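The chains referred to below are lettered A, B, ... by the order of the sequence lines, with proteins before strands, and numbering in each begins at 1. Computation of the quantities below employed the complete heavy-atom set of this structure, encompassing side-chain atoms and omitting hydrogens, waters and symmetry-equivalent molecules. As the structure is a prediction and not an experimental result, all values here were calculated from the model.
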Protein chains: 2
Amino acid sequence: MIKAERHDLIVAELAKRGAVSVQNLAELLNASSATIRRDIAELDEHNIVVRTHGGAMLQDRNQELPFDAKVMAFHIEKRRIGAMAASMLTPGTTIGLGGGTTVMNMVTAMKKQTLHVVTTAVNVALELRDAPDIDVLLTGGVFRKRTAELVGHVAERTLQDVNLDVAIIGIDGIDLERGLTTYDSAEAFVNRVLISRAREVWILADHSKFGQVRPAIITEVGAISKLITDQNAPAELVAGIEKLGVSVLAA
Amino acid sequence: MIKAERHDLIVAELAKRGAVSVQNLAELLNASSATIRRDIAELDEHNIVVRTHGGAMLQDRNQELPFDAKVMAFHIEKRRIGAMAASMLTPGTTIGLGGGTTVMNMVTAMKKQTLHVVTTAVNVALELRDAPDIDVLLTGGVFRKRTAELVGHVAERTLQDVNLDVAIIGIDGIDLERGLTTYDSAEAFVNRVLISRAREVWILADHSKFGQVRPAIITEVGAISKLITDQNAPAELVAGIEKLGVSVLAA
DNA sequence: CCCAAAACGAGCAAAAATGAACATTGTTGT
DNA sequence: ACAACAATGTTCATTTTTGCTCGTTTTGGG
């Protein structure tokens with residue numbers, strides 16, 4: 001059994017049970033505990049799992065939300081997408097972040113880095129409270145209660161004053177002709193401004209978003225730099241997107 | 001079973017039942033009562049559960065947020081001050097809110113009212129997520145991690161664009177000669193802007209703030225309209241403040 | 001108010017897990 | 001074929017965790 005296979009199985013086991021011991025995994029995978037420990041350490045470095053004494057778990061209980069998390073759709077995929085996106089950041093750069101669960105997964109994975117963050121999402125700011133080397137600028141704006149995101153002209157004007165190296169946003173639908181879409185038009189507009197201020201645009205979207213069309217258009221597919229998704233994204237759609245000059249990465 | 005897993009299960013059990021005994025948990029998790037006690041103690045240190053004699057229970061929702069030590073001090077007084085201030089609001093008006101624990105107490109007490117809120121405090125916005133008839137404008141700005149407040153020119157500029165009926169802020173010190181003061185000068189400055197945009201200024205301060213002087217000046221005592229405090233405020237200071245035209249109310 | 005049962009904290013020793021160094025195996029490129 | 005390298009397993013000293021004992025504190029019933 002090769003390393004990558006073990007890693008996959010460890011993540012799969014965690015997805016099922018939430019936490020596993022080194023011993024269990026050693027038996028399950030016919031590997032020595034030393035190897036399992038090395039595997040877990042590596043997965044932890046990539047922020048895919050959290051290493052603990054005796055084993056590994058999916059998330060640090062300190063940040064475990066009282067609700068969902070484990071119920072959330074495609075949370076393993078989102079976590080891996082977030083971890084990959086976080087690992088691709090250049091230290092010291094300024095990144096703009098929208099809202100959404102996938103982006104939040106990325107934020108938890110990037111806490112140890114050195115960055116400047118501009119965001120329209122209140123949750124992102126709060127999550128970064130214990131990130132010692134990341135400063136956070138909240139755009140301000142009308143507080144959307146459902147998503148805890150900030151919209152409107154205050155958000156827009158604040159964004160007009162910053163330059164971003166990368167804008168990273170989550171979406172609800174991606175379609176070759178209809179572009180990147182979401183449910184709320186005010187949020188779509190703010191995301192459009194975010195995009196306009198950035199040299200590069202990264203989109204985070206698990207495979208369930210492919211081929212979906214939502215009411216509010218954010219931008220066209222050709223306008224983005226990178227699309228970070230999971231292994232299950234439909235191949236022909238991925239090919240079509242790449243043909244538009246977008247680099248598609250599968251976590 | 002690894003420690004982290006036990007911790008998760010303890011929290012899960014609490015989520016279901018509200019409270020559990022050490023014995024129950026010991027059986028359920030196949031661990032000794034000593035271990036369970038240590039687990040609960042650790043979870044309690046991280047403020048995830050509340051340790052009690054014989055077991056553990058869920059956090060008291062009213063005092064759970066990130067302020068810890070400060071919240072406990074003068075908790076009762078702050079709550080009464082907050083309740084009184086909330087009861088004095090006129091429906092439909094626009095109020096500006098700063099940060100701090102006393103203001104937060106007021107915010108929890110005003111959720112059912114109909115109001116427009118402008119605030120520099122991220123916690124205030126989140127707290128009002130389930131207030132159906134209050135719309136919230138967050139000013140934006142640099143996110144101060146210690147207090148979760150927003151400061152800097154973005155906050156200032158947003159405030160320049162609004163007119164407030166009342167500005168309500170908490171302070172760390174009030175003194176006849178040295179005025180209203182707080183620890184952080186950036187926050188003091190934002191509060192000053194907040195005050196400048198309002199027709200009326202209400203200050204919330206429990207009695208421990210009287211006679212205190214902190215590094216950063218917000219404004220002079222004569223500039224405020226109402227001071228809402230508790231019964232234990234020193235009488236001679238209150239008299240001096242009233243002489244400056246401030247109406248002092250004791251909750 | 002008092003007493004017995006239950007729960008607790010602290011110290012301790014056994015057990016489990018870890019990290020680091022080293023040996024072995026397998027793979028890759030030349 | 002051979003050297004360089006990565007991955008894995010093994011050993012051992014160290015650290016962390018756990019269960020137990022015992023004296024003390026808290027709780028709740030009479």
For the residue pair [X] and [Y], confirm or rule out a side-chain donor-acceptor distance under 3.5 Å.
{"X": "B:Thr101", "Y": "B:Lys78", "answer": "yes"}
{"X": "B:Thr147", "Y": "B:Glu187", "answer": "yes"}
{"X": "A:Thr93", "Y": "A:Thr90", "answer": "no"}

How many whole angstroms separate atom [atom1] of [X] from atom [atom2] of [N]?
{"X": "A:Leu25", "N": "D:dG9", "atom1": "CG", "atom2": "P", "answer": "13 Å"}
{"X": "B:Met57", "N": "C:dA7", "atom1": "CE", "atom2": "C1'", "answer": "18 Å"}
{"X": "A:Asn24", "N": "C:dA17", "atom1": "CG", "atom2": "P", "answer": "10 Å"}
{"X": "B:Ile40", "N": "C:dC8", "atom1": "CD1", "atom2": "P", "answer": "8 Å"}
{"X": "A:Asp39", "N": "C:dA17", "atom1": "CG", "atom2": "C1'", "answer": "16 Å"}
{"X": "B:Ile36", "N": "C:dA7", "atom1": "CD1", "atom2": "P", "answer": "13 Å"}
{"X": "B:Asp44", "N": "C:dG9", "atom1": "CG", "atom2": "C1'", "answer": "15 Å"}
{"X": "B:His7", "N": "D:dT16", "atom1": "NE2", "atom2": "C1'", "answer": "13 Å"}

Does the side chain of B:Gln23 get closer than 4.0 angstrom to OP1 or OP2 of C:dA7 through an N or O atom?
yes
Classify A:Ser21 by what it touches in the nucleic acid, base, sugar-phosphate, or nothing, heavy-atom distance under 4.0 Å.
nothing
Let's see if you can work this out: which of [options] has an atom nearest to the side-chain heavy atoms of [X]?
{"X": "B:Ser32", "options": "D:dT8, D:dC20, C:dT18", "result": "D:dC20"}
{"X": "B:Arg37", "options": "C:dC8, D:dT18, D:dT8", "result": "C:dC8"}
{"X": "B:Arg51", "options": "C:dC8, D:dG9, C:dA17", "result": "C:dC8"}
{"X": "B:His53", "options": "C:dG11, D:dG9, D:dT27", "result": "D:dT27"}
{"X": "A:Lys3", "options": "C:dC8, D:dA7, C:dA17", "result": "D:dA7"}
{"X": "B:Val22", "options": "D:dG19, C:dT18, C:dC8", "result": "C:dC8"}

Salt bridge or not for A:Arg6 and A:Asp39, using N-O below 4.0 Å?
yes
Measure distances between side-chain N and O atoms of B:Arg38 and base N and O atoms of D:dG19, and say whether any donor-acceptor pair falls under 3.5 Å.
yes
State which residue, out of A:Lys3, A:Arg51, A:Arg37, fulfils the side-chain hydrogen bond (donor to acceptor under 3.5 Å, both in side chains) condition with A:Glu42.
A:Lys3
